[in-house]
Amino acid sequence: MNSPLILDYPVPPLFSFKECLWFLNRNYDDCMHRISSGAITKAISLPEGDFLIRIAEHRQMIRMEILDGADIENHREVLEQYLKNWFDLDRDPRPLYELLKKDPQLSYMVTAFQGLRLVSMPDLFEALCWGITGQQINLSFAYKLKRRLVEKYGRSIEHEGNVYHLFPKPTALAKAGITDLMDMQFSQKKAEYLIGLSKAFLDGTISEKTLKALPSLKERQQVLTAIRGIGLWTANYALMKSFRENSCIPYGDVGLLNALIAHGIMQQKTDREQMDHFFEKYKGWESYLVFYLWRSLSQPEQ
DNA sequence: AGCCAGGATCATC
DNA sequence: GATGATCATGGC
């Protein structure tokens, strides 16, 4: 094929590609991207078509190479927008850092995690499926389940001997049978949830467009939690990761609770009032704080 | 070996 | 509206 299209984007202030890459390259085997020698390669599906993109840092720029895809030249803008959404590049984290500096237990994060952005999962359906998959199981197992699902029901792009997966579409997943997913070791309920969610996307019960059009976070949470298998945790997780909503607290999240206990901020796991009280100080930055707290879990002693 | 995992639902009180 | 059982299996 032709030489790839290259888009350079200036590194925004207080952005660390290394930190973001670190997050994507934690100790899990995530089938949705591949990281090697400082670059991340990922297949993405947009209304304009499927593309294979590679992101790396290059001379003070964030460089995106479009390795595969049709009519690339005419899709510069949407591809650049994807990049900006994925790494939340337009965010100015300084207000968060000012709040963190006032917090004795968390002020270290400003330097320790400086430049980390809330790495998103732009596809709402994917974020919801991933949330359901990860309910109440350890992450290692959850990533295994995701891989099985993706390899069976998703399309993929091959490039230089590697396979890059696209997350399955609702149409593909809606055709799956409960037992098909159970054979992959999904529980029966999760199989039902995933197939039900796929059908809800197909019949228009839910769509990214209508959900985004709702005026408040609360209404978006209500629409999502009305779907079987989606509780407040999953709704908040998906809204945080997909829409990059600012004020999503995934109540009940084991990782979040463990992080708050490890920092001496909470003592018991069940005290929602105490949790709300803590987050009061971080109005508008709740999601980011959660993300940073998750980040703290993977690093011993800060 | 046994408890816990980036929860949600349903029954029951 | 609050609690308890249930889910399925891996990881440590």
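In what follows, chains carry the letters A, B, and so on, assigned in the order in which the sequence lines appear, proteins first and then strands, with residues in each chain numbered from 1.
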message = What is the distance, to the nearest angstrom, from the CG atom on Asp183(A) to the P atom on dA8(C)?
response = 13 Å

message = Is it true that Asn246(A) and Trp285(A) share a donor-acceptor pair across their side chains at a distance under 3.5 Å?
response = no

key: Whole angstrom value for the distance that separates C1' of dA5(B) from CH2 of Trp233(A)   = 11 Å

task = Using atom CG of Leu257(A) as one end and atom C1' of dC4(B) as the other, report the distance to the nearest whole Å.
result = 14 Å

message = Just the rounded figure in Å: distance from P of dC10(B) to CD1 of Ile230(A).
response = 14 Å

inquiry  = Rounding to an integer number of Å, can you tell me how far Leu197(A) CG sits from dA8(B) C1'?
reply    = 14 Å

Along DNA chain B (nearest heavy atom to each residue), the more 5'-positioned of Arg26(A) and Arg228(A) = Arg26(A)

note = In Watson-Crick or G-U wobble terms, with both distances under 3.5 Å, the base opposite dT9(C) is dA5(B)

Spacing of Lys190(A) atom NZ relative to dA5(B) atom C1', expressed in whole Å = 9 Å

ask   = Looking at Trp130(A) versus Tyr143(A), is the centre-to-centre ring distance below 6.0 Å?
value = yes

query = Can you tell me if Arg54(A) uses its side chain to pair, donor with acceptor, with the backbone of Glu65(A) under 3.5 Å?
reply = no

message = For the backbone of Cys248(A) and the side chain of Gln221(A), can you confirm whether one donor and one acceptor N or O come within less than 3.5 Å of each other?
response = no

request  = Consider only side-chain N and O atoms of Arg34(A) and Asn25(A), and report whether a donor and an acceptor are under 3.5 Å apart.
outcome  = no

message = Tell me whether Arg295(A) forms a cation-pi arrangement with Phe23(A), defined as NZ or CZ under 6.0 Å from the six-membered ring centre and within 45 degrees of its axis.
response = no

message = Can you identify which nucleotide, out of dT9(B), dG10(C), dA5(B), has its nearest atom closest to the Lys189(A) side chain?
response = dT9(B)

request  = Mark yes or no: Arg117(A) above the aromatic ring of Trp86(A), with NZ or CZ under 6.0 Å from the six-membered ring centre and no more than 45 degrees from the axis.
outcome  = no

request  = Return the residues of residues 120-150 of chain A meeting this criterion: a heavy atom under 4.0 Å from some atom of DNA chain B. Order them by number, or give none.
outcome  = Gly134(A), Gln135(A), Gln136(A), Ile137(A), Asn138(A), Leu139(A)

note = Per the under-4.0 Å heavy-atom filter, residues of residues 281-289 of chain A near DNA chain C come out as none

message = Could you check whether Glu192(A) pairs with Arg228(A) (Lys NZ or Arg NE/NH1/NH2 to Asp/Glu carboxylate O, under 4.0 Å)?
response = yes

message = Give me the distance, rounded to whole Å, that separates dC3(B) from dA5(C) when you measure between the P atoms they each carry.
response = 15 Å

ask   = When you compare dC10(B) with dA8(C), how far apart are their P atoms, in angstrom units rounded to a whole number?
value = 14 Å

ask   = Between Asp30(A) and Lys146(A), is there a side-chain N and carboxylate O pair less than 4.0 Å apart?
value = yes

ask   = Using a cut-off of 4.0 Å on non-hydrogen atoms, how would the nucleic acid contact of Phe186(A) be classed: base, sugar-phosphate, or nothing?
value = nothing

request  = Determine whether the side chains of Glu245(A) and Ser287(A) contain a donor N or O and an acceptor N or O closer than 3.5 Å.
outcome  = no

task = Establish, from distance only, whether the side-chain atoms of Glu219(A) and Ser216(A) form a donor-acceptor pair under 3.5 Å.
result = yes

Produce the list of close N/O pairs, under 3.5 Å, pairing protein atoms with atoms of nucleotides 11-13 of chain B; give distances to one decimal.
none

His263(A)-Phe278(A) aromatic ring centre distance below 6.0 Å = no

ask   = Tell me: CG of Asn236(A) to C1' of dG7(B), nearest whole Å?
value = 13 Å

request  = Choose from dG7(B), dA5(B), dT9(C) the nucleotide whose nearest atom is closest to any side-chain atom of Asn258(A).
outcome  = dA5(B)

message = Looking at dT9(C), I'd like to know if its phosphate oxygens (OP1 or OP2) sit under 4.0 Å from a side-chain N or O belonging to Ser187(A).
response = no

message = How many whole angstroms separate atom OH of Tyr251(A) from atom C1' of dG7(B)?
response = 16 Å

